[in-house]
Amino acid sequence: MTNEMSKKRLTTRDLITTGILAALYVVCAFIGELIFGFFPVLTFLCPLSIALLCGPVFMLIIAKVPKHGPIFITGVLVGGVLYVTGMYWLMCLAYVILGIVAELVAGSANFKSRIRNLISYMIFVISPIFSYAMLWINQDAYVKYLVENGTEQAYMDTMIANAHIWVLPAMIVGNLICSFLSGKFGQHLLRKHFEKAGVV
């Protein structure tokens with residue numbers, strides 16, 4: 001029993017690996033943000049590009065450290081970095097909370113189920129949607145927060161003008177499709193590693 005418990009604990013090596021891969025996830029997320037983020041009309045595509053780029057890294061985290069902790073740590077790191085850089089606080093909080101949920105989903109099968117690992121990623125990477133959703137939930141508070149944190153008013157005005165009623169559901173569907181494809185691609189790339197680990 002003690003042996004089994006020690007295997008589940010994060011070692012120093014696990015924490016170092018998690019830190020490196022979580023940092024890589026942050027880099028990929030920022031690249032996904034930068035692709036469309038500079039353009040207020042195209043900014044609604046950011047959650048899709050993030051979902052498309054980060055799948056292989058997320059699956060690599062599970063493959064390298066199939067234990068409880070790394071997904072949550074990644075959520076805390078991503079959320080923390082985004083908060084420091086002035087992103088809307090709800091998205092940062094979503095990364096932390098959904099990091100817990102995503103870890104519980106993958107961990108419910110001991111990180112050995114491809115389907116649950118894929119669902120875990122799809123849950124985790126929907127976090128950016130929580131920021132954009134505020135345009136329809138509490139637009140004034142959202143605009144005020146971002147403008148106070150350095151976003152130009154003209155940028156926000158263009159965003160608002162293009163925030164049509166169909167945009168939010170389209171973003172959610174697009175995010176889910178992109179995260180599914182990216183997660184599957186990541187699993188394909190790491191197939192040999194997962195097979196050695198007994199992932200089915």
Side-chain angles (χ1 to χ4, degrees), residues 15-65 69-106 111 117-135 142 145-146 149-151 155 159 167-168 170-190:
L15 290 172
I16 292 171
T17 301
T18 298
I20 293 170
L21 294 178
L24 180 59
Y25 188 101
V26 171
V27 171
C28 289
F30 265 108
I31 292 172
E33 180 76 27
L34 289 173
I35 291 172
F36 298 110
F38 284 116
F39 311 100
V41 177
L42 300 177
T43 187
F44 300 105
L45 295 174
C46 285
L48 281 67
S49 58
I50 292 171
L52 210 50
L53 289 177
C54 294
V57 181
F58 187 91
M59 293 304 164
L60 185 58
I61 292 170
I62 294 177
K64 288 293 187 182
V65 194
I71 296 175
F72 171 66
I73 291 170
T74 302
V76 171
L77 182 61
V78 176
V81 170
L82 290 175
Y83 183 76
V84 169
T85 55
M87 297 297 180
Y88 191 65
W89 65 268
L90 187 58
M91 174 171 60
C92 307
L93 182 61
Y95 267 112
V96 176
I97 294 174
L98 294 184
I100 296 172
V101 176
E103 187 164 284
L104 290 174
V105 170
F111 306 94
N117 290 347
L118 182 58
I119 293 171
S120 173
Y121 175 59
M122 293 172 73
I123 291 170
F124 184 80
V125 82
I126 206 167
S127 300
I129 297 284
F130 283 79
S131 174
Y132 290 90
M134 291 303 293
L135 273 173
Y142 182 68
Y145 181 92
L146 290 180
N149 280 276
T151 304
Y155 183 100
M159 270 188 74
V167 172
L168 182 58
M171 285 172 66
I172 294 171
V173 172
N175 179 275
L176 291 172
I177 292 171
C178 288
S179 60
F180 176 82
L181 294 174
S182 181
K184 289 290 285 184
F185 180 66
Q187 289 180 335
H188 176 74
L189 287 178
L190 298 164

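- Remark: F36 pairs with no residue by the ring-ring contact (aromatic ring centres under 6.0 Å, His included) rule, at least two apart or across chains.
- Annotation for A63 and L190: closest pair CB-CD1, 4.4 Å, computed over non-hydrogen atoms.
- When all heavy atoms of V41 and F44 are compared, the pair lying nearest together is O-CD1, 3.8 Å.
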Run the side-chain donor-acceptor check on residues 174-186: report pairs under 3.5 Å with partners two or more places apart or on a different chain.
unit_1, atom_1, unit_2, atom_2, d
N175, ND2, P47, O, 3.0
N175, ND2, V125, O, 3.3
S179, OG, N175, O, 3.0
S179, OG, L176, O, 3.0
S182, OG, A51, O, 3.2
S182, OG, L52, O, 2.8
S182, OG, G55, N, 3.0

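- L168 pairs in a side chain to side chain contact (heavy atoms under 4.5 Å, CB included) with only one of the listed residues (I129, L135, V173), which is I129.
- The backbone N or O of C46 sits less than 3.5 Å from a side-chain atom of S49, completing a donor-acceptor pair.
- The only member of Y88, W89, F130 that meets ring-ring contact (aromatic ring centres under 6.0 Å, His included) when paired with Y142 is Y88.
- With a 4.5 Å cut-off on side-chain heavy atoms, M59 and L118 count as touching.
- Put simply, the side chain of E103 reaches to within 4.5 Å of the side chain of F111, judged on heavy atoms.
- The two residues N117 and A106 have their closest heavy-atom pair at OD1-CB, 3.5 Å.
- Residues L15 and V65 fail the side-chain proximity criterion, which asks for heavy atoms closer than 4.5 Å.
- Listed by first and then second residue, the side-chain hydrogen bond (donor to acceptor under 3.5 Å, both in side chains) pairs that reach into residues 34-48 are T43-Y132, T43-Y155, sequence neighbours excluded.
- With rounding to the nearest 0.5 angstrom, the CD1 atom of I35 is 5.0 Å from the CG atom of L53.
- Shown here for I50 and P128, the closest heavy-atom pair between the two residues is CD1-CG, 4.2 Å.
- Separating the CG atom in L146 from the CE atom in M159 is a distance of 7.5 Å, to the nearest 0.5 Å.
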Sequence neighbours excluded and cut-off under 3.5 Å, please list the side-chain donor-acceptor pairs for residues 91-102, or say none.
none

Which side-chain N or O atoms in residues 69-85 pair as donor and acceptor under 3.5 Å with protein atoms at least two apart or in another chain?
unit_1, atom_1, unit_2, atom_2, d
T74, OG1, P70, O, 2.8
T85, OG1, V81, O, 3.0
T85, OG1, L82, O, 2.9

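- The ring-ring contact (aromatic ring centres under 6.0 Å, His included) check on Y121 picks up F58, with sequence neighbours excluded.
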